[in-house]
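Presented below is the structure to which this report refers.
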Amino acid sequence: MADEPPRKRRSAAWFGTADKYGFIARSWMKNQGHAARMFDGRPVVGICNSWSEFVPCNGHLRMLAEHVKRGVYEAGGFPLEFPVSSLSEPLMRPTTMLYRNLASMDVEAAIRGQPMDAVVLLVGCDKTTPAALMGAASTDLPTIVVSGGPMLSGRWRGTRLGSGTSLIKFDADLRAGRMTQDEFMAAEAANSPSAGSCMTMGTASTMASLCEALGVALPGNGATPAVDARRQVLAFESGRRAVAMVDEDLRISKILTKSAFANAVRLCAALGGSTNAVVHLLAIAGRLGVPFDLADWDRYGRDIPCLANLMPSGTYLMEDFFHAGGVPAVLKEIAGHLELDATTVAGTSLGTAIADTEIFDPAVIHPFSEPFKPNGGIAVLRGNLAPDGAVLKPSAASAHLLRHRGRACVFDGPDDLKKRIDDPALDVDAASVLVLRNCGPKGYPGMAEVGNMPIPAKLLRQSIDDIVRISDARMSGTAFGTVVLHVAPEAAAGGPLALVRDGDMIELDVEARRLHLDVAEAELARRRAALAPFVHAYARGWEKLYIEHVLQADRGADLDFLVGGSGAVPPRVSH
């Protein structure tokens, strides 16, 4: 049988015609020094780069892009790098989550409107990963993720420092009088010692790691340090694979199946991964039409213990995790719970990709038979306070608070919280439940990382370092504590959180997955009737569009008109 004719490249709609449109595309590209043979039908691989000097986690991605290009060239492809919006968790206000969907639209439009046959997503800081994946999922080309990798471990005065996690502890020590201002400032320089993203299992490392379980990144993507030469090799090999994926027609929709999302949930449990992964994976699945919902986080992750002894749930950092075997070792350890026939960008099944891995340091990666913590996963709570769900990370919580009943201490937004949290007159004790509202997708807007409310100073001075906290906000993946997040519907959308008053009794039962406001229905109805509409702070631009169209947390906080994809059919010509 004769060989099948080669599949026509998508890029041929730009570069493969002999008319004026092909003339324009090729001629202008040649002004950058590209040889004529680059337009001979070889795969064009777009390198989607979220580099920005405003985004410290991604500040080294320009260098990493060069290694991707080398891999593309070696495999016979034509690499073309392009910039997209980048989101900095340390610097961007009011919250990067407000702009995740906007960045995803940028990625989607850039891929769909330009002559590429495949795309390599260069990402790092935590919202850049889901934003890029959401945009790529909407266009459905062959896609591979290359993360920037975590920075090296921090050290200060013999103490191991972890991004975010140590800062939260230092801030509490400073407010409690256990640390001086000079000591606080001295620790600053040691906290971020190299290029890369957070070296804790925060959202950046969680998303980079989950990309391995999802199958959209090569093994090693999650934990290889940013400054390790093996990160550059990973970029090179990803460039090579991108070219092969074009010939294999290995589009992202063939990889991001229900099985892939189930595997990612299980890995997140074993890692003690960030609660932010919940809204991100829900949004990505929504772009592809994959039937994956909030209940799946409980369904697939509940029986998986936490194996990784990593901050914020544990002691070690990503550099230690890498040397202990990294994500492949954890996947191998939970293999009996995975769908191993799931396809990956390597062109093999997930089972094949992890077959030869092992744990090199059981203090960092515990065996499944002797887990670091028995409770992994993300607990999905429901009840009259969260009809559409809320989440809690048991591995980062205090065991004695996982079943609790206490009086509500309510804050009407972040400004109210900052004003009163350290007031000596605040009516709060160790049994209290802090409630923060109007910080959800519409309310903040953008659902900022303020859910891990600081412990009141009066309690810190009593050596109380954790109490139950409930909000419609998110929290940093580097944070810890008994914190209930993503309450849906949010207060600003009229959710029950808006009805809570100081002194109301709230019941939390994580084992029963229950979150209950112990107030009579008749009283709640009376309060609802008297509830004033939430007044939004933004009246124009992207923020107005976002508030009008954002979905609630249980649906991934995507925009309603972005659910589903646009495809990658070349648009009409521009002249």
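Position 1 is the first residue of the sequence; numbering continues from there.
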Q | Whether Arg437 side chain and Val500 backbone form a donor-acceptor pair below 3.5 Å | A | yes
Q. Would you find a donor on one side and an acceptor on the other, under 3.5 Å apart, between the side chain of Gln552 and the backbone of Glu490?
A. yes
Q | Glu543 and Tyr99: side chain donor to acceptor below 3.5 Å | A | yes
**Q.** side chain to side chain donor-acceptor pair (under 3.5 Å) partners of residues 200-211, not counting sequence neighbours, each pair once
**A.** Thr203-Ser274, Thr203-Asn276
Q) Quick one: ring-ring contact (aromatic ring centres under 6.0 Å, His included) pairs with a partner in residues 261-288, sequence neighbours left out? A) Phe261-Phe292
Q) Do Asp509 and Arg403 meet the salt-bridge criterion of a basic N to acidic O distance under 4.0 Å? A) yes
Q: Specify the closest pair of heavy atoms between Arg175 and Pro454, including all atoms of both residues, with the distance to one decimal.
A: NH1-CB, 3.7 Å
Q: Check whether any side-chain N or O of Lys458 sits under 3.5 Å from a backbone N or O of Pro424 as a donor-acceptor pair, and report yes or no.
A: yes
**Q.** From Arg526 atom CZ to Leu531 atom CG, the distance as rounded to the nearest 0.5 Å
**A.** 12.0 Å
Q | Glu507/Arg514 under salt bridge (charged side-chain N to carboxylate O under 4.0 Å, His left out): CA gap, chis, key distance, verdict | A | CA-CA 8 Å; Glu507 298 175 10; Arg514 183 169 182 264; 2.8 Å; yes
Q. Do Ser395 and Ser313 have a side chain donor and acceptor closer than 3.5 Å?
A. yes
Q: Would you list the pairs meeting ring-ring contact (aromatic ring centres under 6.0 Å, His included) in which at least one residue belongs to residues 370-415, sequence neighbours left out?
A: His366-Phe372
Q | Residues that Arg157 engages under salt bridge (charged side-chain N to carboxylate O under 4.0 Å, His left out), provided they are two or more places apart | A | Glu183
Q) Who passes side-chain hydrogen bond (donor to acceptor under 3.5 Å, both in side chains) against Thr159, sequence neighbours left out? A) none
**Q.** Ser104 and Asn101 side chains, donor-acceptor separation under 3.5 Å
**A.** no
(Q) Which heavy atom of Leu174 sits nearest to which heavy atom of Met179, and what is that distance? (A) CD1-O, 3.4 Å
Q | Ala208: side chain to side chain contact (heavy atoms under 4.5 Å, CB included) partners, not counting sequence neighbours | A | Ser147, Asn221
Q: Quick one: list whatever passes salt bridge (charged side-chain N to carboxylate O under 4.0 Å, His left out) with Asp502, sequence neighbours left out.
A: none
Q. Does the side-chain contact (heavy atoms from CB on, under 4.5 Å) test come out yes or no for Phe321 and Asp361, once each step is laid out?
A. CA-CA 8 Å; Phe321 182 52; Asp361 188 345; over 6 Å; no
Q: Would you name the heavy atoms of Thr482 and Ala397 that are closest together and state the gap between them?
A: OG1-CB, 3.7 Å
Q | Verdict with supporting geometry, Arg407 and Val433, side-chain contact (heavy atoms from CB on, under 4.5 Å) | A | CA-CA 6 Å; Arg407 293 183 303 115; Val433 175; over 6 Å; no
Q: Can you measure from CG (Leu167) to OG1 (Thr478) and round to the nearest 0.5 angstrom?
A: 8.0 Å
Q: Not counting sequence neighbours, which residues clear ring-ring contact (aromatic ring centres under 6.0 Å, His included) with Phe534? List them please.
A: His536
Q: Please report the shortest heavy-atom distance between Ala479 and Asn452, naming the atom on each side.
A: CB-ND2, 3.3 Å
Q) Taking NZ, NE, NH1 and NH2 as the nitrogens, is one of them in Arg528 or Glu523 under 4.0 Å from a carboxylate oxygen of the other? A) no
Q.
Quick one: does any side-chain atom of Ser432 pair with a main-chain N or O of Asp429 as donor and acceptor, under 3.5 Å?
A. yes
Q. Judged by atom type as modelled, is there a donor-acceptor pair below 3.5 Å linking the side chain of Asn263 to the main-chain atoms of Glu339?
A. yes
(Q) What I want to find out is whether Asp465 reaches Arg178 closely enough, with some N-O distance under 4.0 Å, to be called a salt bridge. (A) yes
Q: Given salt bridge (charged side-chain N to carboxylate O under 4.0 Å, His left out), test Glu449 with Lys127 step by step and report yes or no.
A: CA-CA 12 Å; Glu449 294 183 344; Lys127 305 305 180 299; 3.3 Å; yes
(Q) Would you say that Phe54 contacts Leu87 through its side chain, given a criterion of any heavy-atom pair below 4.5 Å between the two side chains? (A) no
(Q) For Asp293, is there an ion pair with Arg555 - N to carboxylate O distance below 4.0 angstrom? (A) no
Q: Using modelled atom types only, decide if a donor and an acceptor are shared between the side chain of Asp554 and the backbone of Ala488 within a distance under 3.5 Å.
A: no
**Q.** Residues which pass ring-ring contact (aromatic ring centres under 6.0 Å, His included) with Phe322, listed by chain and number, not counting sequence neighbours
**A.** none
Q. About how many Å separate CG of Leu381 and CG of Leu508, when rounded to the nearest 0.5 Å?
A. 6.0 Å
Q.
Please enumerate all residues that pass salt bridge (charged side-chain N to carboxylate O under 4.0 Å, His left out) together with Glu521, with sequence neighbours excluded.
A. none
Q | Test log, rule salt bridge (charged side-chain N to carboxylate O under 4.0 Å, His left out), inputs Asp320 and Arg160 | A | CA-CA 11 Å; Asp320 307 304; Arg160 188 187 300 268; 2.7 Å; yes
Q) Residues in salt bridge (charged side-chain N to carboxylate O under 4.0 Å, His left out) with Lys393, at least two apart? A) none
**Q.** Residue pair Ser86 / Asn58: nearest heavy atoms and the distance that separates them
**A.** OG-ND2, 3.7 Å
Q) Can you tell which of Arg420, Lys418, Lys419 makes a side-chain hydrogen bond (donor to acceptor under 3.5 Å, both in side chains) with Asp416? A) Arg420
Q. Mind checking what makes ring-ring contact (aromatic ring centres under 6.0 Å, His included) contact with His337, not counting sequence neighbours?
A. Phe368
(Q) Between Trp297 and Gly377 (side chain of the first, backbone of the second, donor and acceptor by atom type, cut-off under 3.5 Å), is there such a pair? (A) no
**Q.** Whether Glu319 side chain and Ser153 backbone form a donor-acceptor pair below 3.5 Å
**A.** yes
Q | Under 3.5 Å: donor-acceptor pair, side chain of Arg469, backbone of Ile467 | A | yes
Q. When rounded to the nearest 0.5 angstrom, what distance separates CD1 in Ile455 from CZ in Arg461?
A. 13.5 Å
Q) Just by modelled atom types, is the Val487 backbone N or O under 3.5 Å from a matching donor or acceptor in the Asp472 side chain? A) no
Q: Show your working on salt bridge (charged side-chain N to carboxylate O under 4.0 Å, His left out) between Asp504 and Arg405 and close with a plain yes or no.
A: CA-CA 10 Å; Asp504 287 348; Arg405 177 181 168 87; over 6 Å; no
Q) So how far is it from Ile359 CD1 to Leu307 CG, rounded to the nearest 0.5 Å? A) 7.0 Å
Q: Could you please spell out the steps behind the side-chain contact (heavy atoms from CB on, under 4.5 Å) verdict for Val327 and Val330?
A: CA-CA 5 Å; Val327 174; Val330 176; 5.6 Å; no
Q) So which heavy atom on Tyr316 is nearest to which on Ala363, and how close? A) CE1-O, 3.5 Å
